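Each remark here refers to the structure printed beneath this line.
When a ligand or atom number is given, it counts from 1 through the structure's own listing order. The structure displayed is predicted, hence computed values, not measured ones. We count residues from 1, following the sequence as given.
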Amino acid sequence: KGSLAVVGTGIRTVGQLNGDTIARLKTASKVFYLVADIVGEQVIKQIQPAAESLGRFYRLGGARKEAYDAMVERVLSAVRDGHRTCFAAYGHPGVFAFPTHEAVRRARAEGYDAIMLPAISAEDCLFADLGVDPANPGCVSHEATRFVLYRKPIDPTSALVLWQVGSFGDPTYQPQRNRGRWIHLLVERLLEHYSPSHEVTLYEAAIFINCPARIERIPLGALVDAELSPATTLYVPPALRDELDDETCGALSIRSEHLK
Ligand code: SAM
């Protein structure tokens with residue numbers, strides 16, 4: 001009977017590909033992959049020369065959702081054919097990734113065993129590279145377009161991580177850089193809570209060994225003119241300090257000097 005394992009290659013595949021993922025790639029009878037760089041592709045091909053790219057389902061200017069549906073259908077067809085199927089995506093396969101979750105949901109709904117294994121996401125790299133701990137003062141992650149479309153609440157005492165700023169407002173597949181046609185709408189939303197001089201970071205984790213990450217600090221107001229790529233994540237640090245709730249502190253007998 002077919003089964004499905006969804007795995008992630010990490011962001012810098014050479015180094016971040018973990019043991020679980022390698023084992024699943026090795027033991028699968030059919031491997032599919034969706035990765036963002038040539039080294040990641042080569043690493044997968046070394047382990048499984050017959051691995052099949054799902055990138056071919058993208059159509060320039062076509063709806064990303066349509067491509068994702070076709071990818072899921074292709075993966076499911078292998079499961080139905082009885083393959084021990086492995087679907088590898090870059091980063092963490094369950095973080096800001098639709099087809100991976102959908103493939104697991106569909107396989108389970110059709111009665112097949114399906115599992116997703118964790119891996120290193122772009123945000124994991126961001127925490128390390130920018131020296132940010134989501135524990136203090138708290139951190140909220142949003143997909144940039146949804147963040148504006150659904151007017152998600154903004155908490156300026158927490159850090160804010162905005163994904164997919166490079167494809168802001170655009171549901172189609174466009175792999176090139178600098179398509180920030182609607183980015184002013186994101187900036188306008190952020191300016192409701194942050195000043196134009198508030199420093200934000202354009203972040204692109206290194207995908208190759210010995211290549212630096214892009215860590216570009218700019219005032220929020222300059223974001224409209226910034227160069228954005230499909231790999232850009234925007235980090236917005238908090239603008240306000242946390243306010244301690246003295247009453248709860250007293251009730252718990254916690255002294256502020258004991259808090260980090
Ligand atoms: N599953 C991936 C992960 O675990 O990081 C995320 C895939 S999501 C479809 C694509 C978004 O991830 C990009 O628009 C960007 O926000 C972020 N991303 C991908 N590669 C990145 C990189 N090298 N550095 C920073 N952010 C990255």
Using a strict 4.0 Å cut-off to heavy atoms of [X], name the atoms of ligand 1 that fall inside it.
X      : answer
Gly91  : 3 (C), 4 (O)
Glu204 : 24 (N), 25 (C)
Ile11  : 5 (O), 23 (N)
Ser121 : 3 (C), 4 (O), 5 (O)

- Query: Roughly how far apart are Asn18 CG and Leu117 CG, rounded to 0.5 Å?
  - Reply: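 Separation between the atoms: 7.5 Å.
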- Do Phe98 and Lys65 come within less than 4.5 Å of each other through their side chains, counting heavy atoms only? yes
- Message: Test side chain to side chain donor-acceptor pair (under 3.5 Å) on Tyr68 and Glu102; report intermediate values, then the result.
- Response: CA-CA 9 Å; Tyr68 294 154; Glu102 183 64 7; over 6 Å; no
- Item | Closest non-hydrogen atom pair between Pro137 and Asp242, with its separation | CB-OD2, 3.6 Å
[X]-ligand 1 polar pair, N/O distance under 3.5 Å:
X      : answer
Ala122 : yes
Thr233 : yes
Glu123 : no
Leu162 : no
His92  : yes

- In Thr21, Val31, Ile47, the residue satisfying side-chain contact (heavy atoms from CB on, under 4.5 Å) with Lys26 is Ile47
- Task: Please name the residue in the list Val132, Asp129, Ile215 that meets the side-chain contact (heavy atoms from CB on, under 4.5 Å) test with Tyr235.
- Result: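 Exactly one candidate clears the test, Val132.
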Give me the residue, atom name and distance of the protein heavy atom closest to [atom].
atom                    : value
atom 25 (C) of ligand 1 : Ala231 O, 3.1 Å
atom 11 (C) of ligand 1 : Gln164 CG, 3.8 Å
atom 10 (C) of ligand 1 : Tyr90 OH, 3.3 Å
atom 8 (S) of ligand 1  : Phe96 O, 3.2 Å
atom 12 (O) of ligand 1 : Trp163 CE3, 3.4 Å

Backbone, side chain, both or neither: what part of [X] comes under 4.0 angstrom of ligand 1, heavy atoms only?
X      : answer
Thr232 : backbone
Ala36  : neither
Val95  : both

- Message: I'd like the name of whichever of Ala205, Ala206, Pro93, Gly94 reaches closest to atom 24 (N) of ligand 1 through any heavy atom.
- Response: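 Residue with the shortest heavy-atom distance to the ligand atom: Ala205.
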- Item | Check against side-chain contact (heavy atoms from CB on, under 4.5 Å), Leu130 and Arg217 | CA-CA 11 Å; Leu130 302 191; Arg217 296 189 168 88; 4.2 Å; yes
- Task: Give a yes/no on ligand 1: does Phe98 have at least one heavy atom closer than 4.0 angstrom to it?
- Result: no
- Does Pro230 reach ligand 1, in the sense of a heavy atom lying below 4.0 Å from it? yes
- Output field: ring centroids Tyr58/Tyr173 closer than 6.0 Å: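 Distance test on ring centres: under 6.0 Å, yes.
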- Task: Check whether the ring centres of Phe168 and Trp182 lie less than 6.0 Å apart, and answer yes or no.
- Result: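 No; Trp182 has its ring centre 6.0 Å or more from that of Phe168.
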- Item | Test item: side-chain donor near acceptor, Glu123 and Ser141, under 3.5 Å |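 Ser141 and Glu123 do have a side-chain donor-acceptor pair below 3.5 Å.
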- Query: Side-chain donor-acceptor pair under 3.5 Å between Ser167 and Asp170, yes or no?
  - Reply: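 Checked: Ser167/Asp170 side chains show no N/O donor-acceptor pair below 3.5 Å.
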- Message: Tell me whether Arg151 is salt-bridged to Glu192, with the criterion being a basic N under 4.0 Å from an acidic carboxylate O.
- Response: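 Yes, this pair counts.
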